[in-house]
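Predicted model, so just to flag it, every value in this text is computed and none were measured. Just follow the structure's listing: the first ligand is 1, and inside any ligand the first atom is 1.
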Amino acid sequence: MTRYVGAAEMADLLRREGPEPILRRIMACLRADFLRWPEFDLAPRLASHSAGGVIELMPIADAQLYAFKFVNGHPGNTRLGKQTVVAFGLLADVATGYPLLICEMSVLTALRTAATSALAASVLARPDSRSMALIGTGAQAEFQAIAFQRTHGIGEIRLYDIDPAAVAKARANLEGRGLRLICAGSIAEAVAGADIVTTATADKARATILTPGLVEPGQHLNAIGGDCPGKTELHPKIVASARTFVEYEPQTRVEGELQQMPTDHPVTELWRVLRGDAPGRVSRDEITLFDSVGFALEDFSALRCLWEIAGSGPGLDLVPETEDPKDLFGSVFSRGQTLERAA
Ligand code: NAD
């Protein structure tokens, strides 16, 4: 049987363990996998674009495990009562090709994205950062807030969204978790004086959520919403003025804020900073930008971490049971019965 973790089991697991320990474990897996980056078979994701959004397949493998994620991005979905991003993923054994785990990844994507954001901030944000502006308070927002609170000591979150109901939702969900929550009246109000600015908006457009006058020296920008061709959040002048860090350069050049920049705009891949091969933040006043689009390695780390956490449990019979591996036909039709029926 292939271990199956569906949405209900994922929710049970999070309620039982709490989001913080799971975020920490995903971060540890992420760090370990980023540190062994050259061991992976890397490729940009395969994207199928349509008028309303995108459907993507994200494959990756090392010598032991193969993973892929199916994920969409449909910013108009919430108007239909559906989520912008839904996902599921699979982990397989490289030696045999057999699937090991099939897993819901809508929640797991929010967790791994938040864990990746916090991991990047650990080398890019000022160590004494205490406040974060969160622009776009949809599905990803609470996961981002909790990850930054628990791993980076962020105590104050300034929430802003064009949809007041989304702000009220995030505030209600985060209440009682030891955060000082401020509902800002504008993006400018949220960003002024914040140490970290996370942009998590969804719009299939060249949006300018942040314009140059808003960004202050020393801020770390965690831009996660611009993750698809024709979908950006930052004014190009901000990207030009910030030191830019990416997950996997070939993918981010096409999908990230970088798509607005000349093809030789300098960037550093995060794994190099984590390994100590390239500097992260070098001064208090520089603006750092994590131009995050989401990369397959993060899903691989999250899936292998979840596989460990979930342990044994329900499975799906994705692979037919055969006594003789060459007798696939016989696993479906018993010989005598088939002949009787035919007769
Ligand atoms: P969502 O639709 O649940 O939330 C997006 C929010 O952005 C909504 O509440 C919407 O009202 C708000 N918004 C839209 N335009 C805005 C504007 N101009 N100013 C302020 N708020 C605005 O989507 P989500 O699941 O939270 O995802 C947010 C974004 O992050 C999406 O673009 C998604 O594709 C992206 N994402 C990236 C990664 C990654 O790894 N980088 C992972 C997951 C999601």
Side-chain angles (χ1 to χ4, degrees), residues 26 30 45 47 49 52-56 58 69 71-87 89 105-120 133-145 147 158-171 173 183-191 197-211 214 221-235 245-248 251-252 255-258 270 289-302:
I26 295 176
L30 279 167
R45 60 187 157 199
H49 296 280
V54 64
I55 296 177
E56 298 163 330
M58 302 173 68
K69 179 169 84 174
V71 63
N72 77 318
H74 284 69
N77 267 5
T78 52
R79 286 195 293 276
L80 308 171
K82 294 183 187 302
Q83 297 161 64
T84 299
V85 176
V86 294
M105 288 195 78
S106 304
V107 170
L108 195 57
T109 292
L111 287 164
R112 73 80 153 128
T113 305
T116 307
S117 292
L119 183 63
L134 193 40
I135 315 297
T137 58
Q140 309 303 314
E142 295 87 346
F143 297 91
Q144 289 281 328
R158 292 110 170 265
L159 304 161
Y160 178 79
D161 196 294
I162 44 172
D163 174 11
V167 175
K169 175 262 334 178
R171 188 190 177 110
N173 283 339
C183 298
S186 65
I187 293 177
E189 198 185 308
V191 168
V197 180
T198 289
T199 52
T201 65
D203 193 1
K204 203 167 162 57
R206 288 283 171 98
T208 43
I209 304 300
L210 296 183
T211 46
L214 296 179
L221 312 179
N222 173 44
I224 69 164
D227 59 354
C228 179
K231 181 164 171 263
T232 55
E233 294 182 304
L234 309 186
H235 190 287
F245 299 82
V246 298
E247 291 139 319
Y248 179 52
Q251 190 178 304
T252 312
E255 299 181 351
E257 299 303 325
L258 269 189
L270 179 62
L289 164 63
F290 181 42
D291 183 3
S292 167
V293 295
F295 182 53
L297 178 88
E298 295 148 35
D299 302 311
F300 177 101
S301 306

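- Distances between N or O atoms of Ala166 and those of ligand 1 include no value under 3.5 Å.
- Which parts of ligand 1 touch Asp163 is read off a 4.0 Å heavy-atom cut-off, strictly below it: atoms 11 (O).
- The SG atom of Cys228 sits 6.0 Å away from the CD atom of Glu56 when rounded to the nearest 0.5 Å.
- At least one heavy atom of Arg112 sits under 4.0 Å from some atom of ligand 1.
- Atom CD in Glu233 sits 3.5 Å away from atom OG1 in Thr199 (nearest 0.5 Å).
- In this structure, a donor-acceptor pair under 3.5 Å is absent between the side chains of Asp291 and Thr252.
- Ring to ring, Phe295 and Tyr248 are close: their centroids are under 6.0 angstrom apart.
- Within the 4.0 Å heavy-atom criterion, the part of Thr84 lying near ligand 1 is the side chain and not the backbone.
- Contact annotation: for Thr201 versus ligand 1, heavy atoms closer than 4.0 Å belong to both the backbone and the side chain.
- With a 4.0 Å cut-off on non-hydrogen atoms, Asp227 touches ligand 1 through its side chain and not its backbone.
- Of all atoms in ligand 1, listed by their number and element, those nearer than 4.0 Å to a heavy atom of Thr113 are 38 (C), 39 (C), 40 (O), 42 (C), 43 (C).
- Of the protein's heavy atoms, Ala202 O, 3.6 Å lies nearest to atom 14 (C) of ligand 1.
- Heavy atoms of Gly73 come nearer than 4.0 angstrom to ligand 1 in no pair at all.
- Side-chain atoms of Lys169 and Thr137 include no donor-acceptor pair closer than 3.5 Å.
- To the nearest 0.5 Å, the span separating OG on Ser301 from CG on Leu30 amounts to 4.5 Å.
- For atom 4 (O) of ligand 1, the nearest non-hydrogen atom of the protein is Gly138 CA, 3.2 Å.
- Within the structure, side-chain hydrogen bond (donor to acceptor under 3.5 Å, both in side chains) pairs that include any residue of residues 74-84 comprise Asn72-His74 (at least two apart or interchain).
- Of the heavy atoms in Gln83, none comes closer than 4.0 Å to ligand 1.
- Donor-acceptor pairing under 3.5 Å is lacking for the side chains of Gln140 and Gln144.
- In terms of protein heavy-atom proximity, atom 6 (C) of ligand 1 is nearest to Asp161 OD2, 3.5 Å.
- Distances from ligand 1 to the non-hydrogen atoms of Ser292 include at least one value under 4.0 Å.
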Please step through side-chain contact (heavy atoms from CB on, under 4.5 Å) for the pair Arg206 and His235, ending with a clear verdict.
-> CA-CA 9 Å; Arg206 288 283 171 98; His235 190 287; over 6 Å; no

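- At a heavy-atom distance under 4.0 Å, no atom of Thr116 approaches ligand 1.
- Within the structure, ligand 1 lacks Asp203 among the residues with a heavy atom less than 4.0 angstrom away.
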